[in-house]
Amino acid sequence: MNASIQQRTIRPLTSRLGCIVKAFLRQPGQVATVAPSSSHLINAIACRDCVRQASTVVELGPGAGGTTDGLLSNMRLDSTLLAIEKTQAFDESLGQILDPRLRVEYADAMRLLDFLQEHNLGLVDVVVSGIPFSSMPRLIAKRITQSIHKALHPGGTFIAYQLHDDVERYTRPLFGPSKTDRVLWNLPPLTVYSWTKIQ
Ligand SMILES: C[S@@+](CC[C@H](N)C(=O)[O-])C[C@H]1O[C@@H](n2cnc3c(N)ncnc32)[C@H](O)[C@@H]1O
């Protein structure tokens with residue numbers, strides 16, 4: 001077993017805080033949070049059978065990488081995690097994750113399908129997203145959710161953790177109704193939505 005995978009742990013919240021505050025002060029609308037994800041939120045996203053069984057997972061908006069650590073801790077040793085982050089300032093924190101399963105692209109989530117092709121990943125099992133669908137233009141939010149739907153295998157799972165429920169406006173025509181899980185022990189409290197791609 002690769003040593004960097006064997007030693008995989010979730011880094012302490014304080015190690016991600018400075019990087020998030022700096023990025024938030026520069027681009028508040030895009031970064032959308034000033035506090036690192038709590039362990040409760042990370043577990044609600046990553047401790048799922050679909051993540052444990054996945055061959056390929058995509059994460060949109062990994063930020064400082066708390067959720068990324070959680071996903072890698074639960075994913076198979078032979079799996080791949082492609083993370084797409086728009087805020088370049090997070091490279092300081094994401095660059096600390098030395099795990100051969102992780103590939104990071106600093107770009108807009110709009111380019112999801114291009115990156116799947118570039119990385120020869122084909123269709124994926126799970127997409128996790130923390131990008132703020134409520135504060136982006138509607139046309140962009142619609143295009144990103146359409147790309148997520150296209151990127152998933154039938155039976156694949158889309159998980160989005162959000163402050164507001166706008167995401168449902170875009171996902172409902174594609175995926176149908178969501179399952180929701182409210183996470184109160186996070187700053188701010190958030191809802192984790194999930195959908196399964198039927199066809
Ligand atoms: C709620 S934060 C993520 C929190 C992070 N996962 C954690 O564990 O702390 C949302 C992230 O989405 C990123 N983001 C916002 N819009 C984006 C877009 N269009 N494409 C890619 N990333 C985006 C932000 O830069 C930010 O890092």
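Both counts, for ligands and for their atoms, begin at 1 and track the order of listing. Position 1 is the first residue of the sequence; numbering continues from there.
- Here I148 contributes atom CD1 and K197 contributes atom NZ; the two are 11.5 Å apart, rounded to the nearest 0.5 Å.
- Taking every heavy atom of G66 and a limit of under 4.0 angstrom, the matching atoms of ligand 1 come to 8 (O).
- Using a 4.5 Å cut-off on side-chain heavy atoms (C-beta onward), L190 and Q162 make no contact.
- Residues passing the ring pair (Phe, Tyr, Trp, His ring centres under 6.0 Å) test with Y161, sequence neighbours excluded: none.
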Show every donor-acceptor pair shorter than 3.5 Å between a side-chain atom in residues 122-134 and any protein atom, with sequence neighbours excluded, or say none if there are none.
residue, atom, partner, partner atom, Å
D125, OD2, S55, N, 2.7
D125, OD2, T56, N, 3.0
S129, OG, I131, N, 3.3

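- Of all protein heavy atoms, the one lying nearest to atom 11 (C) of ligand 1 is G61 O, 3.6 Å.
- Remark: ligand 1 atoms within the under-4.0 Å shell around heavy atoms of G63 are 27 (O).
- When only modelled atom types and interatomic distance are considered, D91 and Q88 share a side-chain donor-acceptor pair under 3.5 Å.
- Within a 6.0 Å radius of CD in E92, no more than 12 heavy atoms belonging to other residues, nucleotides or ligands are found.
- Of the protein's non-hydrogen atoms, the one nearest atom 18 (C) of ligand 1 is K86 CD, 3.6 Å.
- With hydrogens left out, the protein atom closest to atom 4 (C) of ligand 1 is Y161 OH, 3.8 Å, a heavy atom.
- What sits closest to atom 2 (S) of ligand 1 on the protein, heavy atoms only, is V31 O, 3.4 Å.
- For E105 (side chain) and A107 (main-chain N/O), no donor-acceptor pair under 3.5 Å exists by modelled atom type.
- Of the protein's non-hydrogen atoms, Q30 O, 3.2 Å is the one closest to atom 24 (C) of ligand 1.
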Side chain to side chain donor-acceptor pair (under 3.5 Å) between T80 and R101, worked out: CA-CA 5 Å; T80 301; R101 296 172 295 171; over 6 Å; no
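- Of the N or O atoms in S37, one or more lie within a sub-3.5 Å distance of an N or O in ligand 1.
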- request: Just do the side-chain contact (heavy atoms from CB on, under 4.5 Å) check on T33 and F24 with the steps written out, would you?
  value: CA-CA 7 Å; T33 184; F24 179 82; 5.9 Å; no
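- Between A109 and ligand 1, an N or O atom pair is found at a separation short of 3.5 Å.
- Looking at ligand 1, you'll find an N or O of P62 within less than 3.5 Å of one of its N or O atoms.
- E85 OE1, 2.8 Å is the protein heavy atom nearest to atom 27 (O) of ligand 1.
- Counting the atoms of ligand 1 from 1 in the order shown, those under 4.0 Å from a heavy atom of G130 are 1 (C), 10 (C).
- Closest approach of G66 and I42 over heavy atoms only: O-CD1, 3.4 Å.
- Protein heavy atom nearest atom 23 (C) of ligand 1, with residue, atom name and distance: I131 CG2, 3.3 Å.
- Using a 4.0 Å cut-off between charged nitrogen and carboxylate oxygen, R111 and D114 count as a salt-bridge pair.
- Less than 4.0 angstrom separates some heavy atom of T33 from each of these atoms of ligand 1: 1 (C), 2 (S).
- Using a non-hydrogen distance threshold of 4.0 Å, P132 registers as a contact of ligand 1.
- Of all protein heavy atoms, the one lying nearest to atom 19 (N) of ligand 1 is D108 OD1, 3.3 Å.
- If you look at I84 next to ligand 1, the close heavy atoms, those under 4.0 Å, all belong to the backbone.
- For the pair A23 and ligand 1, no heavy-atom separation below 4.0 Å is found.
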